[in-house]
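All values below come from the heavy atoms of this structure, side chains included, with hydrogens, waters and symmetry mates left out. All chains are named by letter (A, B, ...) in the order of the sequence lines, taking the proteins before the strands, and each is independently numbered beginning at 1. Just so we're clear, the structure is a prediction, and the values are computed from it rather than from any experiment.
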2 protein chains.
Amino acid sequence: MPSNAPRPSDPTRLVSLLWEPSDRPGRTGLTKRAVVENAIAIADAEGLGALTMRRVADRLGVGAMSLYTHVPGKPELVELMLDAVAGEAYADGALPGEQGGWRAGLRHIAERNWRHHLRHPWTVEVVPGRPVLGPGVSAKYELELAPLDGIGLSDLEMDQVLCGVLALVESTARQQIGLDRVRAGNGDLDWWATVSPVLTRAMSGHRFPLAERVGAAAGEAVEAGDPLAIMRLSLDLLLDGVAGRLR
Amino acid sequence: MPSNAPRPSDPTRLVSLLWEPSDRPGRTGLTKRAVVENAIAIADAEGLGALTMRRVADRLGVGAMSLYTHVPGKPELVELMLDAVAGEAYADGALPGEQGGWRAGLRHIAERNWRHHLRHPWTVEVVPGRPVLGPGVSAKYELELAPLDGIGLSDLEMDQVLCGVLALVESTARQQIGLDRVRAGNGDLDWWATVSPVLTRAMSGHRFPLAERVGAAAGEAVEAGDPLAIMRLSLDLLLDGVAGRLR
DNA sequence: CAGTGTACGGTACAACGTACGGAGAGTGAG
DNA sequence: CTCACTCTCCGTACGTTGTACCGTACACTG
């Protein structure tokens, strides 16, 4: 990043970019779609940190600067990637609105978004700005609102409940993904076993009775895929709360 | 980042670093505390992206490489920053355990964490790895468990409920922070007004009836500080759910 | 006062996003 | 067919990043 002031990033330009057809090939057959797809492949495998214009270009067998004909810059590329993967979430036809009731629908949404984030871990690295108003995101939003329509919620409440569920899933997925990464980093060595003795020595003098007791219980659970359990429990609690408001 | 393989980042080293006293001055009076505090100041004002070893060093009037005598590298610096700010959350003495009941306690926790994230927006940019086992984080965890102790939850459930609340707050704060940033970026020009016409033209042919209706309602609410409302509603729902389990 | 360990920092390197401008292919007009 | 113009592609270059390496110079120990 050479210039301190980032490019203006015209939102108008971005919207057209999102909705324009992505398949019109250039001279070497390069398309916007191909750029986005290859960027996604890199980010899926190695995270946003490994996503580099040069690497995308290498995968496509073109020069780095050729990408800029199809994509204004890296931030815009990431937005295009986000919209592209959003479209996949319900591609198999199991729609939230057809799960038999709002509760099953929301559960389905939670499960699909969980999968979605684990499949594309970089989605939890992006700090959102304005909503990405592309075809993929719009379609996803439309489908996810379906189970909430006509059950006695106002339009605003529909959005808020949905956002609440998605927030829960996203944040828990962040934890899971972070955990997966550090576990993949060092070769399976037992983190707690190595850290624990150093920790107890370091915090001699301090006492955290609750934290130690609960932390131990939580720590054991973590080794069995814990964040998912947190997500499921919190989701159930939240759904119970919604049910209470409806009756 | 010159080497593709990041430094091993010994977790043992990090734990000692977190608990070691931070005030022992070096030859020029440089301390670990000073490094961390100045790094926090930069990140608070301009985000993690603006946090640079050179900038921290400049603020301290030392050479960039001098930081490395006090801090092993940038990732470790960020972890030290996280632990340092965690310590502030309840520094004024209004503890979650003394709010009169678990419900008020959790609400207090949510509100304090909301403030915390807005005060240090970079905290929502960090993808967590292993928990940061420093004095600040430990103290915060201890205090936040207090309102949940002895109300009929298992140790594991205590952790899960707390994590659920924190997840909700964090994810909603992320949205708020992202929104604040784009709003600060372009000089207050009305985003929706400029985007809307382009959008309707671009998506001519596609129909998203629910998304358009609900999105409009949600869009209006956004201009009045919406993510906070989402957080509050979802939190209430979650708390209702907890109440249902307890009785 | 001499010796030694440690704090400091200058230089250098690989990698980053991308501005700039040239090269070359494609297309339309005369 | 020829010319001119446009648009795609990309080589080069710049400023900035984290930090490895190694020399320097201070402060404490003896």
Side-chain angles (χ1 to χ4, degrees), chain A residues 1-10 13 17 20-35 38-39 42-43 46-81 125-126, chain B residues 1-10 13 17 20-35 38-39 42-43 46-81 125-126:
Chain A
M1 257 164 288
S3 68
N4 285 348
R7 261 171 310 100
S9 171
D10 179 13
R13 169 106 175 76
L17 201 68
E20 268 166 12
S22 1
D23 295 338
R24 215 179 30 240
R27 207 157 63 224
T28 61
L30 194 56
T31 62
K32 191 175 66 182
R33 175 190 302 284
V35 173
N38 280 274
I42 294 170
E46 301 175 51
L48 262 199
L51 177 63
T52 288
M53 301 304 268
R54 283 175 234 256
R55 278 201 58 185
V56 177
D58 282 352
R59 274 179 70 100
L60 288 161
V62 301
M65 290 313 292
S66 304
L67 304 181
Y68 287 83
T69 326
H70 304 266
V71 155
K74 201 187 183 187
E76 292 84 356
L77 172 57
V78 173
E79 305 244 289
L80 287 171
M81 290 164 63
E125 295 186 60
V126 183
Chain B
M1 255 164 286
S3 68
N4 284 347
R7 263 172 308 100
S9 169
D10 179 12
R13 169 107 175 75
L17 201 67
E20 268 165 12
S22 0
D23 295 334
R24 216 182 27 242
R27 206 156 65 222
T28 60
L30 194 57
T31 62
K32 189 175 67 183
R33 175 189 303 280
V35 172
N38 280 275
I42 295 170
E46 301 176 51
L48 262 198
L51 177 63
T52 286
M53 299 304 269
R54 282 175 236 258
R55 278 201 59 184
V56 177
D58 283 352
R59 274 179 71 101
L60 289 161
V62 301
M65 291 313 293
S66 304
L67 303 181
Y68 287 84
T69 31
H70 301 267
V71 155
K74 200 185 184 189
E76 291 84 355
L77 172 58
V78 173
E79 305 244 288
L80 288 170
M81 293 164 63
E125 296 186 60
V126 183

Participant: So if I take every side-chain heavy atom of A/M65 and compare against D/dT12, C/dG17, D/dG18, which nucleotide ends up nearest?
Facilitator: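 Taking heavy atoms from C-beta onward, the closest nucleotide is D/dT12.
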
Participant: With respect to the side chain of B/L30, which nucleotide from C/dT18, C/dC8, D/dC9 is positioned closest?
Facilitator: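 Selected nucleotide: C/dC8.
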
Participant: Indicate, with a heavy-atom threshold strictly under 4.0 Å, whether B/L67 touches base, sugar-phosphate, or nothing.
Facilitator: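 Here B/L67 touches no strand at all.
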
Participant: Quick one: B/D58 CG to C/dC8 C1', roughly how many Å, whole number?
Facilitator: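 One finds 15 Å between C1' of C/dC8 and CG of B/D58, rounded.
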
Participant: Quick check: closest heavy atoms across B/T31 and B/S22, and the distance to 0.1 Å?
Facilitator: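 Shortest heavy-atom separation between B/T31 and B/S22 comes out as CB-O, 3.3 Å.
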
Participant: When all nucleic acid strands are considered with a 4.0 Å heavy-atom cut-off, which category describes B/L77: base, sugar-phosphate, or nothing?
Facilitator: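 The residue B/L77 makes no contact with any strand.
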
Participant: Could you state the atom-to-atom distance from CG of A/L51 to P of C/dA15 in whole Å?
Facilitator: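 After rounding, the gap between these two atoms is 16 Å.
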
Participant: Looking at B/L80, is its backbone amide N or carbonyl O close enough to the side chain of B/K32 to form a donor-acceptor pair, meaning the two atoms are under 3.5 Å apart?
Facilitator: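 No; judged by distance alone, with no hydrogens or angles, the pair does not exist.
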
Participant: Mapping B/R27 and B/E76 onto DNA chain D by nearest heavy atom, which one lands closer to the 5' end?
Facilitator: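 Counting from the 5' end, the first nearest nucleotide belongs to B/E76.
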
Participant: Do A/R13 and A/E76 have side chains that get closer than 4.5 Å, going by heavy atoms?
Facilitator: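 No - every pair of side-chain heavy atoms lies 4.5 Å or more apart.
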
Participant: What's the closest nucleotide to the side chain of B/T52 if the choices are C/dT18, D/dG18, D/dA27?
Facilitator: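 Among C/dT18, D/dG18, D/dA27, the one nearest the side chain of B/T52 is D/dG18.
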
Participant: For B/H70 and D/dT19, give me the distance from atom NE2 to atom P, rounded to whole Å.
Facilitator: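 These atoms are roughly 16 Å apart.
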
Participant: From CZ of B/R55 over to C1' of D/dG15, roughly how many Å is that when rounded to an integer?
Facilitator: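 To the nearest whole Å, that distance equals 16 Å.
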
Participant: So, does A/S66 get its side chain near the phosphate of D/dC10, meaning an N or O under 4.0 Å from OP1 or OP2?
Facilitator: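 The answer is yes; a side-chain N or O of A/S66 sits under 4.0 Å from OP1 or OP2.
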
Participant: Search all heavy atoms of A/L30 against all heavy atoms of A/H70 and return the closest pair with its distance.
Facilitator: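 Looking at all heavy atoms of both residues, the shortest contact is O-CE1, 3.1 Å.
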
Participant: With no angle test and no hydrogens, is the base of D/dT19 tied to the side chain of B/R54 by a donor-acceptor pair under 3.5 Å?
Facilitator: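 Looking at the base of D/dT19, it does pair with a donor or acceptor on the side chain of B/R54 (distance under 3.5 Å).
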
Participant: Can you tell me the distance, in whole Å, between the OH atom of B/Y68 and the P atom of D/dC21?
Facilitator: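 Result: 13 Å.
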
Participant: Using the side-chain heavy atoms of A/T28, tell me which of these nucleotides is nearest: C/dA7, D/dT17, D/dC9.
Facilitator: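 When the side chain of A/T28 is considered, D/dC9 is the closest of C/dA7, D/dT17, D/dC9.
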
Participant: What is the distance, to the nearest angstrom, from the CD1 atom on A/I42 to the P atom on C/dC16?
Facilitator: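 Rounded to the whole Å, the gap is 10 Å.
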
Participant: Please report the distance, rounded to the nearest Å, between NZ in A/K74 and P in C/dA15.
Facilitator: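 These atoms are roughly 15 Å apart.
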
Participant: How long is the line joining CG of A/L48 and P of C/dA15, in whole Å?
Facilitator: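 So the CG-P distance, A/L48 to C/dA15, works out to 20 Å.
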
Participant: Check whether B/T52 reaches the backbone of B/R55 with its side chain - one donor and one acceptor, N or O, closer than 3.5 Å.
Facilitator: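 No; zero donor-acceptor contacts below 3.5 Å.
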
